[in-house]
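This chain uses plain numbering: 1 for the first residue, then up along the sequence. Counting starts at 1 for both ligands and their atoms, following the listed order.
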Amino acid sequence: MNEPVWRGQLRERESMARHVTWRAGGIVDRAYTPADLDDLRAFLRAQPATEPVWFVGLGSNLLVRDRGLRGTVVFTHWALRRFRVDPDRCGIAAEAGVACPKIARIAAVEGMAGAEFLAGIPGTLGGALTMNAGCYGGETWGAVARVQTIDRSGSLRERPPADFEIGYRSVVLKAEGTHHSEEWFVAATLRFPRGDGAAARQRIRELLARRIASQPLNLPNAGSVFRNPPGDHAARLIEACGLKGHAIGGAVISPKHANFIVNGGAARAADIEALIELASHAVREKFGIELECEVRIIGEA
Ligand SMILES: Cc1cc2nc3c(=O)[nH]c(=O)nc-3n(C[C@H](O)[C@H](O)[C@H](O)COP(=O)(O)OP(=O)(O)OC[C@H]3O[C@@H](n4cnc5c(N)ncnc54)[C@H](O)[C@@H]3O)c2cc1C
């Protein structure tokens, strides 16, 4: 039998509940943690064209349904974790598995301004590029100079931001025209204006304190479940429907922040999805507003 050409770790029937911040959901057929970028290229090249492939960062915006996910998940966190700082040009070149709070800290230490918002986003750079993650006035793509992507054949490509249609929590590769791309992010170069490192560190502390005060961070969650509709807040609308504290199975609409669904202990993915449907139905009925789900839901129901 041929030896595998890759050096990373391949596991069969991996529980995705261990890899998403909701701590709920089904298993994936196969899960691969590459040794590094070269190894990821070799792994992808070796996959049959029919094998579904999913990239996952820290799972902080993801739900895998209870009956699981067919195909292979590639975990980027820990695998794609190299970064390089260019202080002269106020740039950080980072691989997709680097955590956003780490980028915020590096930028502050290196005297760059404007990366502080990343401190509150508990995902990887790859996830932030996919979602155009943002908060407190900052957005990931506001700092992107270029990205590096990989496709199923393991080919790498450098792309400028102009290759993407970038919106609020939405990034679409223009050539493909869909959110579900088969070209994944493996690295990006970010640029920030020069700033005062001490002031940036202070701002990070303030942003984190605001989050602790307003978000139910003591229970497993996936951040905001719905995008905010134009000119309004999903949390306000859900609260106005009287749904704060409403539970289905082990999932609860947080009494602290109505756009958060928390896992109160033994939630199934189906409980969480049922609450998502309930909240969007209630808001549609009461206000005529169609809430859009920000969280990505994949797998078999
Ligand atoms: C407590 C809490 C607070 C949060 N606050 C915010 C906030 O303020 N603002 C905000 O925008 N979000 C917020 N989020 C949501 C989440 O952290 C972000 O969406 C984050 O960018 C997701 O990164 P991730 O690595 O966890 O992605 P994952 O959840 O692992 O994946 C999300 C999606 O991106 C895809 N993906 C992941 N990596 C790659 C890659 N390298 N290439 C291509 N596709 C990829 C996945 O397939 C999936 O579709 C919060 C979440 C939590 C739990």
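- Of all the heavy atoms of L58, the ones lying under 4.0 Å from any atom of ligand 1 are found in both the backbone and the side chain.
- At a heavy-atom distance under 4.0 Å, only side-chain atoms of L217, from C-beta outward, approach ligand 1.
- Between V56 and ligand 1, a contact under 3.5 Å exists for no N or O pair.
- For atom 38 (N) of ligand 1, the choice among G127, G223, A128 with the nearest heavy atom turns out to be G127.
- Within the 4.0 Å heavy-atom criterion, the part of R169 lying near ligand 1 is the side chain and not the backbone.
- Test E95, R7, R82 against D36 for side chain to side chain contact (heavy atoms under 4.5 Å, CB included) and you get one pass: R7.
- Of the listed options V171, I297, T130, L207, T130 places a heavy atom closest to atom 44 (N) of ligand 1.
- There is no side-chain donor-acceptor pair under 3.5 Å between Q9 and T33.
- The shortest N or O to N or O distance between N61 and ligand 1 is under 3.5 Å.
- At a heavy-atom distance under 4.0 Å, only backbone atoms of A222 (N, CA, C or O) approach ligand 1.
- The protein heavy atom nearest to atom 42 (N) of ligand 1 is F185 N, 3.0 Å.
- Scanning the protein heavy atoms around atom 15 (C) of ligand 1, the nearest turns out to be S60 O, 3.6 Å.
- Checked for salt-bridge contact, E292 and R169 miss the test: no charged N lies under 4.0 Å from a carboxylate O.
- For atom 4 (C) of ligand 1, a protein heavy-atom neighbour is found at a distance under 4.0 Å.
- Of the listed options F75, F55, F117, F55 places a heavy atom closest to atom 47 (O) of ligand 1.
- In this structure, R236 is positioned above the aromatic face of F287, its NZ or CZ under 6.0 Å from the six-membered ring centre and within 45° of the axis.
- Distance check on atom 8 (O) of ligand 1: some protein heavy atom falls below the 4.0 Å cut-off.
- Residues E51 and T72 bring a donor and an acceptor atom of their side chains to less than 3.5 Å of each other.
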